[in-house]
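Residue numbers start from 1 in every chain, and the chains themselves are labelled A, B, ... in the order their sequence lines are given, proteins ahead of strands. Everything quoted here is computed from the prediction, not taken from an experiment.
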Amino acid sequence: MVSKKLNGFFEKFLQTDSLFANKKVLQSVYVPNEMEHRDEQINQIANILAPALKVDKPSNLFIYGKTGTGKTASVRYTTEQIHKVAKENNIPVNVIYINCKLKKIADTEYRLIAEIARALGKEIPPTGLPTDEVYNIFFKALDFKEQILILILDEIDQLIKRTGDEVIYNLTRINSELKNSQISIIGISNDLMFSNYIDPRVKSSLSEEEIIFPPYNALQIQDILRKRASLAFKKDAVDEGVIPKCAAFAAREHGDARRALELLRVAGELAERSESKIVQIKHIDEAEEKIEKDRIIDVVHTQPKQFQLVLYSIFLIRNDEQNKKKQIFTGDLYDIYKDLCPKAGLRPITQRRLSDIVAELDMLGLITAKVISKGRFGRTREINLGIPSHLLNKVETLLAKELEFNDKKN
DNA sequence: CGAGATTCATGTGAAGTATACCTTTAGGCTTAA
DNA sequence: AAGCCTAAAGGTATACTTCACATGAATCTCGTA
C-alpha cells in the first residue's frame, strides 16, 4: 500500500518540472566562470601568482575581507585558471585548498599537515603518528620532483586562534629546506583584526602581499544574483522583486553575497516544494527562517554528547527558573548538569572542562556567556541562550531525543 | 567618607592522565620444499 | 625454512582531569576630616 502511494509521489515528482535549470550554480562551493565586480582583486591575485607558471615561487599572499565578499571564490577562480594553463603546458603547479574551520579536519597542526599530505595522495592515520613524521611524509611527497605548490588556507584565523602560529612558521620555513619544490601560501581571513594575534615575524613572511576585499553594495549583489539566477533557474521562474529583496537582505548583513545566494536557492526549493510556478517574495521570507533553523539544528545536532547535555541543562534551568528571574551562572549550571549525567548515561565532566565547553558553545553562537565579576560574591559567567525564541522548542526536543536515545542504549 | 585590603566563586594556564589509535617486533602457527 | 598472522610493546595526539594561581568588583576596614 505504502509503496503504491510512494510510486504516485515519485511519478508526480518527475512530472512537475523543476524551477531550476541548474541548481549547482547557487551552491556555495560553485565557482562561477566570471566573477562580477572583482576584476581588480582577481588581477592582483593573478599578478602575484603568475610567477608560478615560470616555476618561480610566488609571494605569499594574505587576503582579508568579511564573509561573502568573494574571497574564496576569487582565489579559487584564479588558481583554477592557473592550474589549467599549467596543465596544458605541462608546468608542475599544484593547488591545494583547505578550509581550516572544519572541525576534525584541519583544526590542529597535526590535522592540517595530515590533510595537506592527504591532498598530495598520502594516507595519514587520524592519530598515532608523531607530528614530525607527518611533516616528513608531507615533505617527501612534495619534494620528489620539481613543482610549485600553492596552498590556500581558508579561514586561517580560526586555526591560529586555536593552535597558535607555529604551524604557519613551520610552513614558511620549510621552503628553505625544500630542494626541488616551493610552497606559496595564500591565507584567507574573515577577521580584519586577525594580525594582532600572530607573531610579527610570521606575519611579515606570510603577508608578503596583502589584498583587502571590500563588501559588495546592494547593487553589486543584485548584479551577481541576476547573473546566477539566469543560469540557475528556468526562464521567468523568478518573480519581479525577488532578487532586489534578496539583495537587500544580504546588504543588511554587510554585503554577504554567499548569504544572498543561499537565500535564493532555498527560496527556489521552497517554491518548488509548494508547487508554485514561480519563486515569489514570500518564499524569501520563508527561506530566511528555514536557513536560520537548519543552521542551528545542524550545529546542535553535530555537537558531541557532552556539549549537547550542557546545552540541555541550560534549557532546563531556563524553563525552571524563569519565574524567579534568576540569571544562569556556571555553578548552577554545573549542579544541574551533574544531576542530569546519570540520566543521559554520561560520565560527569569536571567543572574546568565545563567552563571550556561553555566558552565553545558561546563561540558557536548557541549561547552568550559573558564573564562578570559579582564582587564580594566571586566571578562567573552569565549565560544566556542565543537561539531565537521561535526555535527554542524545536531545539529542546531535538536535544531531548538525542540524549534519550543514548539513555536507552545503556 | 574614601582609599586600600579582603573575599568569594570561578576563570584560566600548565602539567598530568586516560583513551584510542598507529607502527614495529617477536613469537607461534601453517605451509611448502 | 619461509611466509603469514596475532599479540605485545612502544609511541603519539587528543580530550579530559588535576593542580594552582589569577581575577575583579562588592564589601569590609580603618585612618582621616
Next on the checklist: Any base atoms under 4.0 Å from A:P304, or only sugar-phosphate, or nothing? Heavy atoms, all strands.
Outcome noted: nothing
Could you give the side-chain donor-acceptor pairs of residues 107-122 of chain A under 3.5 Å, partners two or more places apart or in another chain?
| unit_1 | atom_1 | unit_2 | atom_2 | d |
| --- | --- | --- | --- | --- |
| A:D107 | OD1 | A:R111 | NE | 3.0 |
| A:D107 | OD1 | A:R111 | NH2 | 3.2 |
| A:T108 | OG1 | A:R111 | N | 3.2 |
| A:E109 | OE2 | A:Y135 | OH | 2.9 |
| A:E109 | OE2 | A:N170 | ND2 | 3.2 |
| A:Y110 | OH | A:P125 | O | 2.9 |
| A:E115 | OE1 | A:R118 | NH1 | 2.9 |
| A:R118 | NE | A:I124 | O | 3.4 |
| A:R118 | NH2 | A:I124 | O | 2.9 |

Tabulate protein N/O versus nucleotide N/O from nucleotides 9-12 of chain C, keeping only pairs under 3.5 Å, one per line.
| unit_1 | atom_1 | unit_2 | atom_2 | d |
| --- | --- | --- | --- | --- |
| C:dT12 | O4' | A:G128 | O | 3.2 |
| C:dT12 | O3' | A:L129 | O | 3.3 |

Next on the checklist: What's the closest nucleotide to the side chain of A:T108 if the choices are C:dC16, C:dT14, C:dT18?
Outcome noted: C:dT14
Checklist entry - From C:dA25, C:dT14, C:dC16, pick the nucleotide closest to the side chain of A:Q306? => result C:dC16
Checklist entry - Given the rule in the salt bridge (charged side-chain N to carboxylate O under 4.0 Å, His left out) test, do A:E146 and A:K179 qualify, once you have shown the distances and angles that lead to the verdict? => result CA-CA 8 Å; A:E146 184 180 37; A:K179 290 206 175 69; over 6 Å; no
Checklist entry - Which nucleotide span of DNA chain B, 5' end to 3' end, has atoms closer than 4.0 Å to non-hydrogen atoms of chain A? => result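 First-to-last contact on DNA chain B, by the 4.0 Å heavy-atom rule, is B:dT7 to B:dT23.
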Next on the checklist: When you measure from the centre of the six-membered ring of A:Y97, is the NZ or CZ of A:R76 closer than 6.0 Å and no more than 45° off the axis?
Outcome noted: yes
Checklist entry - Looking at A:F377, is A:K374 sitting on its ring face, NZ or CZ under 6.0 Å from the six-membered ring centre and within 45 degrees of the normal? => result no
Next on the checklist: On the nucleotide C:dC16, are OP1 or OP2 found under 4.0 Å from the side-chain N or O atoms that A:R353 carries?
Outcome noted: yes
Checklist entry - Using 30° and 60° as the class limits, which term best fits the ring planes of A:H37 and A:Y216: parallel, tilted or perpendicular? => result perpendicular
Item to check | Among A:V299, A:L366, A:L385, A:I296, the one residue meeting side chain to side chain contact (heavy atoms under 4.5 Å, CB included) with A:V395 | outcome: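 In the set A:V299, A:L366, A:L385, A:I296, the residue that makes a side chain to side chain contact (heavy atoms under 4.5 Å, CB included) with A:V395 is A:I296.
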Checklist entry - Roughly how many Å is it from CD1 in A:I349 to P in C:dT18, rounded to a whole number? => result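 Answer to the nearest Å: 11 Å.
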Checklist entry - What's the CZ-P distance between A:R347 and C:dT17, to the nearest Å? => result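 Nearest whole value for this atom pair: 6 Å.
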Checklist entry - Can you pull the ring-ring contact (aromatic ring centres under 6.0 Å, His included) pairs that have at least one residue in residues 44-82 of chain A, sequence neighbours excluded? => result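 For residues 44-82 of chain A: A:F62-A:Y64, A:F62-A:F194.
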Next on the checklist: Is there a side chain to side chain donor-acceptor pair (under 3.5 Å) between A:Q158 and A:N190? Walk through the geometry before answering.
Outcome noted: CA-CA 9 Å; A:Q158 301 283 330; A:N190 298 323; over 6 Å; no
Pairs under 3.5 angstrom, nitrogen or oxygen only, protein versus nucleotides 21-23 of chain C, please.
| unit_1 | atom_1 | unit_2 | atom_2 | d |
| --- | --- | --- | --- | --- |
| C:dT23 | O2 | A:R379 | NE | 2.8 |

Checklist entry - Does A:K290 have any side chain to side chain donor-acceptor pair (under 3.5 Å) partners at least two apart in sequence or in another chain, and if so, which? => result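 Partners of A:K290 under the side chain to side chain donor-acceptor pair (under 3.5 Å) test: A:D294.
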